[in-house]
Number of protein chains: 2
Amino acid sequence: MTIATVARHAQVSRQTVSNVLNAPHIVREDTRRRVQEAITALGYRANQAARQMRTGRSRLIAVRIEPTRDGINGSVLDRFLHGLTETADAAGYRVMLYTAGDDNQEIATYDDLLGAYDLDAFVLTGTKHGDPRTAWLAGREVPFVTFGRPWDAPESHPWVDVDNADGTAQATRRLLDTGHRRIAFIGWPTGSGVGDDRHTGWRTTMAAAGIDAADLRRSTEDGIAAGEREMRALLTTAEPPTAVVCASDSLALGALQAVRDTGTPAAVIGFDDTPVAAAVGLTSVSQPLAAAAARCVELLTGVLDGQPTNPHVLLQPALVLRHTA
Amino acid sequence: MTIATVARHAQVSRQTVSNVLNAPHIVREDTRRRVQEAITALGYRANQAARQMRTGRSRLIAVRIEPTRDGINGSVLDRFLHGLTETADAAGYRVMLYTAGDDNQEIATYDDLLGAYDLDAFVLTGTKHGDPRTAWLAGREVPFVTFGRPWDAPESHPWVDVDNADGTAQATRRLLDTGHRRIAFIGWPTGSGVGDDRHTGWRTTMAAAGIDAADLRRSTEDGIAAGEREMRALLTTAEPPTAVVCASDSLALGALQAVRDTGTPAAVIGFDDTPVAAAVGLTSVSQPLAAAAARCVELLTGVLDGQPTNPHVLLQPALVLRHTA
DNA sequence: TTGTAGGCGTTATCAG
DNA sequence: CTGATAACGCCTACAA
């Protein structure tokens, strides 16, 4: 079934059908309705391949799916992907997946995807300092949005991000409000934008409260085991903390285990509000992932339709209170 | 850049370039090499839209992405998706994502996707008794594979599945081998194919060992809390079990918590070998998800290329021993 | 408003 | 083995 079938069925020219589809305002009211009826009656759908060949646009956006490194934090990308698929859907776009081992492979994939499928845009996650991917895409003038700030040059391209510092700040304030003073922070080594941001929220909030907590900061790789190890170390010092803010739920889960094993009561707050946190009653900072995905699509459609929108979106996370703090 | 650019560059006709791409064997050796060189030199990529218009094939397969219900088990689909994307990639196919609230919506989406993008095939996950989706697709003669058996009519369409019963059987045998006799099973209510299958493995293995364990079976919804509740109940009976096999890692995690809280030593084995299980040292049954994804793609390409392959694949899971059993 | 002509890049058909 | 030609379904002029 083609546009001609619809035209015949509605007693109009093919051109009119095309107009109803692409420029409804220039078609007379009743004609338009008649055509619309024919379209639904026949279940007609414009063939994207033909449309793309003519317009050069595919209504396809690509997102990379990463190997599950850490099962707990992996669900974050999962939820983002779900949100993205849904919002893209609503905006008339489809999401295409790809994988890549490293940045070079990923760039090669861009080339591939662009050449073969004429992708309209890319959504990148997990930006880092000096990201070569954004440079390549920008150089080719391929539309893209990142979920995560470009840590080097904030103005260089459209992005959506969550205010990580505000998240840990909220967590720290909550602990201060409930009487805690010795509040530790278990995070990642300096160098990752996200990790540094989460650290900053704790540090500045503690400083604002006039508390020197430099000795309560621990840096480690992510994971339950690492969290447990660090928390155990903190709890066995001369002046142990009474609470801890963690850069991830994995770390927090480990910390929680250390707290329980050593029998020392201490409040624990995680980050990402993963379903595991919900299951074990862990208080955690929740990222608005669905909203982030929606804003990404919004930014993208804005760029694709040539409408100027504010290209930088910083969303606020929310603290979800449960049993551990 | 089009096929004509390559043809000019290699001093041949457009048709010859097309032949090199689609039927290399009918082109003379040196000509083929010259064309190949031109292709790589120019970085040429066949335009899928044009190709699709001509051949009616898009080299696109669709997979549904589900909302994360349970964060722990959610990672299973995640890993499957990753494997699928990778293998599809290698076979020259791309993965397209879609969401749907229920079966009817999903079927409507099939219609959409098929009409607009001419999808080559679908991969369905989470099959259930009397699945309307497979019926619709079969009725339209759309190629598809399911990851999960069609529980009603095993022969009705190509599928790949993991032998769940064998997984719990392995777990149960391991516990028997290490001296356990009172081995409990915490699973889901009867009615789901996967759940019943996992229950069967435990039941038959116990029966084969001559042990009556009917009183040690508990059915509940999935989740850590449910697992903890059920295990706690089991442990406080007159004759508590010394070990438990769970239908999921979530349940097992809960059971583990109950074991630790009550101070009763008991072995625990989970199912799915999620990264969380790895993190906490939980012994678990591992599904070969990458292999499953690969077989799905294999089956699909077989169908699409008209090659007859065995359309039913049952993969064996493996028990991953850690600290809890 | 409607109809007609042309072309997007590819592949299939058919003659050389 | 190579070269010309038509066709896939759609959209954008342009003329009516």
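Convention: sequence-line order gives letters A, B, ...; per-chain numbering from 1.
- Between A:Asp112 and B:Arg94 there is a salt bridge, since a side-chain N of the basic residue sits under 4.0 Å from a carboxylate O of the acidic one.
- We find that A:Arg34 and A:Glu37 are not joined by a salt bridge, their nearest charged nitrogen and carboxylate oxygen being 4.0 Å or further apart.
- Every residue two or more places apart in sequence or in another chain that forms a salt bridge (charged side-chain N to carboxylate O under 4.0 Å, His left out) with A:Asp305 is listed here: A:Arg57.
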Do A:Tyr117 and B:Leu60 pass the side-chain contact (heavy atoms from CB on, under 4.5 Å) test, and can you show the C-alpha distance, the side-chain angles, and the key distance before you say yes or no? CA-CA 10 Å; A:Tyr117 289 93; B:Leu60 242 37; 3.5 Å; yes
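- In this entry the distance linking CG of B:Leu114 with C1' of D:dG9 reads 17 Å, nearest Å.
- Enclosure of atom NE2 in A:His9 is not indicated, since only 12 or fewer non-hydrogen atoms of other residues, nucleotides or ligands lie within 6.0 angstrom.
- To the nearest angstrom, C1' of D:dC1 lies 12 Å from NE2 of B:His25.
- Side-chain contact, A:Glu106 with A:Tyr98: a donor N or O sits under 3.5 Å from an acceptor N or O.
- An OP1 or OP2 oxygen of C:dG3 is reached within less than 4.0 angstrom by a side-chain nitrogen or oxygen of A:Ser13.
- Computed from coordinates, the B:Met53 CE to D:dC11 P distance equals 11 Å when rounded to whole Å.
- Nucleotide D:dG3 holds its P atom 14 Å from the CZ atom of B:Arg8, rounded to whole Å.
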Just the table, please: protein N/O against nucleotides 10-13 of chain C N/O, every pair under 3.5 Å.
unit_1 : atom_1 : unit_2  : atom_2 : d
C:dT10 : OP1    : B:Tyr44 : OH     : 2.4
C:dT10 : OP1    : B:Asn47 : N      : 3.3
C:dT10 : OP2    : B:Ile3  : N      : 2.5
C:dT11 : OP1    : B:Asn22 : OD1    : 3.3
C:dT11 : OP1    : B:Asn22 : ND2    : 3.0
C:dT11 : OP1    : B:Arg51 : NE     : 2.7
C:dT11 : OP1    : B:Arg51 : NH2    : 2.9
C:dT11 : OP2    : B:Ser18 : OG     : 3.0
C:dT11 : OP2    : B:Asn22 : ND2    : 3.3
C:dT11 : O2     : B:Arg54 : NE     : 2.6
C:dT11 : O2     : B:Arg54 : NH2    : 3.3
C:dA12 : O4'    : B:Arg54 : NH2    : 3.0
C:dA12 : N6     : B:Gln15 : OE1    : 2.9

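- The distance from atom CD1 of B:Ile26 to atom P of D:dG3 is 13 Å, rounded to the nearest whole Å.
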